[in-house]
Amino acid sequence: MNIAFYPGSFDPITLGHLNIIRRSSRLFDKLHVCVMVNSAKQPLFTAEERVELIERTVKHLGNVFVDTSNELVVKHAKALGASVIIKGLRAVSDFDKEFQMALANKIIAPQIETLFMTSSSKYTYLSSTVVKEMARYGTDLSEFVPHQIIDDIMRKMHNGEKRVSQ
Ligand code: ADP
């Protein structure tokens, strides 16, 4: 069985992430999407909330599974039996960091390949940071994130905080 692993912060999942998930789920028997916990970042959503938001948007994809981990990416990928790590590439700026990481991972786990999937041209600009910035100003998020999670983002962003007037 060909199993792939797609790690990231997903804080929150965007249409760019979902595009990569949909396309990779067609290439592999199983795709594990994993919310990686990074203690250096202060996330908007907890890891468990991010898992739930992703699960809600990938329900229709029968071979996609979601979990969270604070382990090293390759270690967790290996534990799940994955032979491929998927990375989405938006621009040259993503490449430098991801290339370095892929080479380091190859030393730790030579049997695991990193597969770079180019972003759909519609979403090359899109990141979770852009989504949070838009949400802070109360902007319509329908072009940026799956419709099932828009209310959750708005609620979280404006909970106890006044919406910034436009
Ligand atoms: P970000 O916070 O910048 O959105 P993540 O850590 O959540 O980043 O991203 C997880 C993975 O998804 C990374 O491989 C990243 O390059 C990729 N990715 C993020 N946004 C997009 C997009 N718009 N198109 C394609 N890949 C993306």
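One-based numbering, in listed order, for ligands and for the atoms of each.
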Parallel, tilted or perpendicular, as decided by the 30° and 60° cut-offs, for the rings of Phe95 and Phe99: parallel
Using a strict 4.0 Å cut-off to heavy atoms of [X], name the atoms of ligand 1 that fall inside it.
{"X": "Asp94", "value": "16 (O)"}
{"X": "Pro7", "value": "10 (C), 11 (C)"}
{"X": "Gly8", "value": "6 (O), 10 (C)"}

Option whose closest heavy atom lies nearest to atom 21 (C) of ligand 1, chosen from Lys122, Arg90, Lys132: Arg90
Selection from Ser128, Pro12, Gly88 by shortest heavy-atom distance to atom 13 (C) of ligand 1: Gly88
Rounded distance (nearest 0.5 Å) linking atom CG of Leu61 with atom CD of Glu55: 12.5 Å
Gap between atom CZ of Arg26 and atom CD1 of Ile21 - 0.5 Å precision: 12.5 Å
Do [X] and [Y] pair up side chain to side chain, a donor and an acceptor below 3.5 Å, judged on atom types alone?
{"X": "Arg155", "Y": "Asn159", "answer": "no"}
{"X": "Asn70", "Y": "His76", "answer": "no"}
{"X": "Asp140", "Y": "Ser142", "answer": "yes"}

[atom]: nearest protein contact (heavy atom, Å):
{"atom": "atom 6 (O) of ligand 1", "answer": "Ser9 N, 3.0 Å"}
{"atom": "atom 9 (O) of ligand 1", "answer": "His17 NE2, 3.3 Å"}
{"atom": "atom 24 (N) of ligand 1", "answer": "Ser119 OG, 3.0 Å"}

So is there a nitrogen or oxygen of [X] less than 3.5 Å from a nitrogen or oxygen in ligand 1?
{"X": "Tyr123", "result": "yes"}
{"X": "Ser127", "result": "no"}
{"X": "Phe10", "result": "yes"}
{"X": "Asp11", "result": "no"}

Heavy-atom donor-acceptor pair, Asp11 side chain to Phe45 backbone, under 3.5 Å: yes
His32 ring center within less than 6.0 Å of Phe5 ring center: no
Are [X] and ligand 1 in contact, using a heavy-atom cut-off of under 4.0 Å?
{"X": "Tyr6", "result": "yes"}
{"X": "Thr129", "result": "no"}
{"X": "Ile20", "result": "yes"}

Partner residues of Thr114 under the side chain to side chain donor-acceptor pair (under 3.5 Å) criterion, sequence neighbours left out: none
Atom of Val145, atom of Thr14 and distance for their closest heavy-atom approach: CG1-CA, 4.2 Å
